[in-house]
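Take a look at the structure set out below.
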Amino acid sequence: MTAAHSFTRHDITFPSGDSSCAGWLYLPTGVTSPPVVVLGHGLGATREMRLDAFAERFAQAGIAAVAFTYRHFGDSGGHPRQLLSIKRQLADWDAALAHVKARPDVDPSRVAVWGSSFGGGHAITVASRHPELLAAVAQCPFTDGLASALALGPLASLRIAPVLARDLATRVRGRAPAMVPIASVPGSPALMNAPDALPGYQALQPPGTTFRNEVAARVIPTIAAYRPGRAARKVTMPILFCVSNTDSVTPPAQTLRYASTAPRGEIKTYDAGHFDFYTGETFEQLVRDQTEFLVRRLHPAPAVQTP
């Protein structure tokens with residue numbers, strides 16, 4: 001049995017744009033200058049919602065990890081609250097990478113990114129823009145806004161329209177945003193309304209979570225137009241795609257088509273739903289596969305087996 005590193009967790013903040021992001025840094029104990037992986041979450045989610053579970057496993061393998069929360073959400077800065085801006089979130093990724101590369105306690109030449117769901121799409125985009133990275137992981141990634149919008153259903157999309165119009169009006173008038181639920185029951189106006197979306201999000205929330213199940217509705221047109229899967233062909237480093245065969249949020253057929261264009265892509269598929277990836281045996285299989293991939297690409301120091 002392979003020995004596991006012990007690790008410590010530290011609260012961190014780093015500047016991004018006009019504010020800052022809050023995060024956790026996981027450091028393997030007794031390892032000088034370990035490689036590091038940066039982890040970002042999905043739609044409106046905060047790092048408390050199981051990013052810690054993945055980061056802990058990577059740290060046990062000798063890989064430092066930074067799990068962060070985007071601006072406007074959770075305990076990160078940014079106003080107005082619950083503003084989901086693709087441009088700002090990608091800037092947060094850039095800021096997180098700049099932060100880890102400037103840290104004296106990790107190796108700035110051995111850096112990877114890991115994203116899940118909407119963050120999985122961001123990980124593809126970020127990897128395509130940062131050829132200096134050694135590896136990337138895209139877990140149940142959002143790859144095509146149009147495909148996801150079609151999965152939402154035309155009736156639910158029509159029901160969102162009045163909220164979107166209201167929010168665009170509040171933006172012009174400088175008032176507080178009009179909100180739309182992130183996850184809701186089937187047929188309801190929400191960013192996700194698949195049968196497993198609301199219970200799936202609820203299952204990820206620990207006691208005392210900072211998660212709020214709503215975002216400013218103005219993001220809807222930008223989500224529909226966001227197609228990060230197209231950047232897969234520009235990702236020059238090894239990238240691991242972990243895809244749900246039954247994904248109700250990010251349709252797998254389109255994701256697999258994009259994944260196949262990555263020059264050094266590796267694809268693993270799982271017979272489990274989008275939200276099953278974070279818990280139970282599916283999580284165990286995923287984190288084993290991802291750890292093996294990251295160890296292969298980042299070459300962390302092995303833990304010393306004690307007698």
Check: Is L27 linked to F7 within one hydrophobic cluster, defined over Ile, Leu, Val, Met, Phe, Trp and Tyr using a side-chain heavy-atom separation of less than 4.5 Å?
Finding: no
Note to self: Looking at Q82 and E214, would you say the former's side chain and the latter's main chain have a donor-acceptor pair under 3.5 Å?
What the structure shows: yes
Item checked: Chi angles and distances behind the side-chain hydrogen bond (donor to acceptor under 3.5 Å, both in side chains) call for Y270, D289 -> CA-CA 11 Å; Y270 303 84; D289 291 344; 2.6 Å; yes
Notebook entry, point to check: In terms of ring plane angle, is the pair F14 and F68 parallel, tilted or perpendicular, where the classes change at 30° and 60°?
Noted result: perpendicular
Next item on the list: Could you tell me the separation between the OG1 atom of T222 and the NZ atom of K87, rounded to the nearest 0.5 Å?
Entry: 12.0 Å
Margin query: Tell me whether T69 contacts the main-chain N or O of R47 through its side chain, where contact means a donor paired with an acceptor under 3.5 Å.
Written below: yes
Next item on the list: Indicate, with yes or no, if L83 and L43 share a hydrophobic cluster defined by side-chain heavy-atom contacts under 4.5 Å among Ile, Leu, Val, Met, Phe, Trp and Tyr.
Entry: no
Item checked: CA sep, side-chain torsions, deciding dist, call: L90, R129, side chain to side chain contact (heavy atoms under 4.5 Å, CB included) -> CA-CA 10 Å; L90 290 172; R129 296 177 178 179; 3.8 Å; yes
Note to self: Which heavy atom of R110 sits nearest to which heavy atom of H299, and what is that distance?
What the structure shows: NH1-O, 2.7 Å
Checklist line | Trace of the ring pair (Phe, Tyr, Trp, His ring centres under 6.0 Å) decision for F58 with Y26 | finding: CA-CA 9 Å; F58 301 151; Y26 295 77; 9.7 Å; no
Notebook entry, point to check: Less than 4.0 Å between a side-chain N and a carboxylate O, is that true for E281 and R288?
Noted result: yes
Note to self: Once rounded to the nearest 0.5 Å, what's the spacing between atom CG of L134 and atom CG of D107?
What the structure shows: 8.5 Å
Margin query: Would a single hydrophobic cluster contain both V215 and L198, if residues Ile, Leu, Val, Met, Phe, Trp and Tyr are joined by side-chain heavy-atom contacts under 4.5 Å?
Written below: no
Item checked: Test item: N245 side-chain N/O and P252 main-chain N/O as donor-acceptor pair under 3.5 Å -> no
Margin query: In the structure I gave you, are the side-chain heavy atoms of P35 and P300 within less than 4.5 Å of one another anywhere?
Written below: yes
Notebook entry, point to check: Is R103 atom CZ crowded by more than 12 heavy atoms from other residues, nucleotides or ligands, each under 6.0 Å away?
Noted result: yes
Next item on the list: Using a cut-off of 6.0 Å, state whether more than 12 heavy atoms not belonging to R296 lie near its atom CZ.
Entry: yes
Next item on the list: Fit a plane to each ring of Y278 and F54, take the angle between them on a 0 to 90° scale, and name the class: parallel (under 30°), tilted (30 to 60°) or perpendicular (over 60°).
Entry: perpendicular
Check: Shortest non-hydrogen contact from V106 to V100?
Finding: CG2-O, 3.2 Å
Notebook entry, point to check: Just one of S248, S117, S244 clears the side chain to side chain donor-acceptor pair (under 3.5 Å) bar with H274, so which one?
Noted result: S117
Check: Is there a side-chain contact between Q290 and C242 (heavy atoms, below 4.5 Å)?
Finding: yes
Next item on the list: Report whether I63 and V31 are members of the same hydrophobic cluster (ILVMFWY, side-chain heavy atoms less than 4.5 Å apart, transitive linking).
Entry: no
Donor-acceptor contacts, no H, no angles, side chain residues 17-24, under 3.5 Å, sequence neighbours left out:
| from | atom 1 | to | atom 2 | distance (Å) |
| --- | --- | --- | --- | --- |
| D18 | OD1 | R71 | NH1 | 3.4 |
| S19 | OG | G78 | N | 3.0 |
| W24 | NE1 | D11 | OD1 | 3.3 |

Next item on the list: To the nearest 0.5 angstrom, please state how far the CG atom of L240 sits from the CD atom of Q139.
Entry: 9.5 Å
Item checked: Closest non-hydrogen atom pair between C140 and T250, with its separation -> O-OG1, 3.6 Å
Item checked: Presence of salt bridge, E292 and K268, under 4.0 angstrom -> no
Item checked: Any I220 side-chain heavy atom under 4.5 Å of L191 side chain -> yes
Notebook entry, point to check: Same cluster for Y258 and L256 if Ile/Leu/Val/Met/Phe/Trp/Tyr side chains link at under 4.5 Å?
Noted result: no
Margin query: Check whether T29 reaches the backbone of S6 with its side chain - one donor and one acceptor, N or O, closer than 3.5 Å.
Written below: yes
Next item on the list: Using atom types as modelled and distance alone, determine if a side-chain donor or acceptor of R81 lies under 3.5 Å from a backbone N or O of G77.
Entry: yes
Next item on the list: Answer yes or no: is there a donor N or O on one side and an acceptor on the other, between the side chain of T291 and the main chain of V287, under 3.5 Å?
Entry: yes
Notebook entry, point to check: Side chains of Q89 and L84: does their closest heavy-atom pair fall under 4.5 Å?
Noted result: yes
Notebook entry, point to check: Any idea which heavy atoms bring H41 and M49 closest together, and the distance?
Noted result: NE2-O, 2.7 Å
Checklist line | Taking every non-hydrogen atom, the tightest pair across M237 and V235 | finding: SD-CG1, 3.3 Å
Note to self: Quick one, L25 and D105 - any side-chain contact, counting heavy atoms below 4.5 Å?
What the structure shows: yes
Checklist line | Closest contact, heavy atoms only, I239 versus A262 | finding: CG2-CB, 3.9 Å
Margin query: With rounding to the nearest 0.5 angstrom, report the CD1 to CG distance, I182 to N193.
Written below: 13.5 Å
Note to self: Rounded to the nearest 0.5 Å, what separates atom CZ in F73 from atom OG1 in T46?
What the structure shows: 10.0 Å
Check: Does the side chain of V126 reach to within under 4.5 Å of the side chain of L97, using non-hydrogen atoms?
Finding: yes
Check: Any idea how Y70 and H122 line up, ring-wise: parallel (<30°), tilted (30 to 60°), or perpendicular (>60°)?
Finding: perpendicular
Check: For A53, which residues count as a side chain to side chain contact (heavy atoms under 4.5 Å, CB included) partner, sequence neighbours excluded?
Finding: R50, F283
Checklist line | Atom pair CD (Q254) and CZ (R227), whose distance is rounded to the nearest 0.5 Å | finding: 6.5 Å
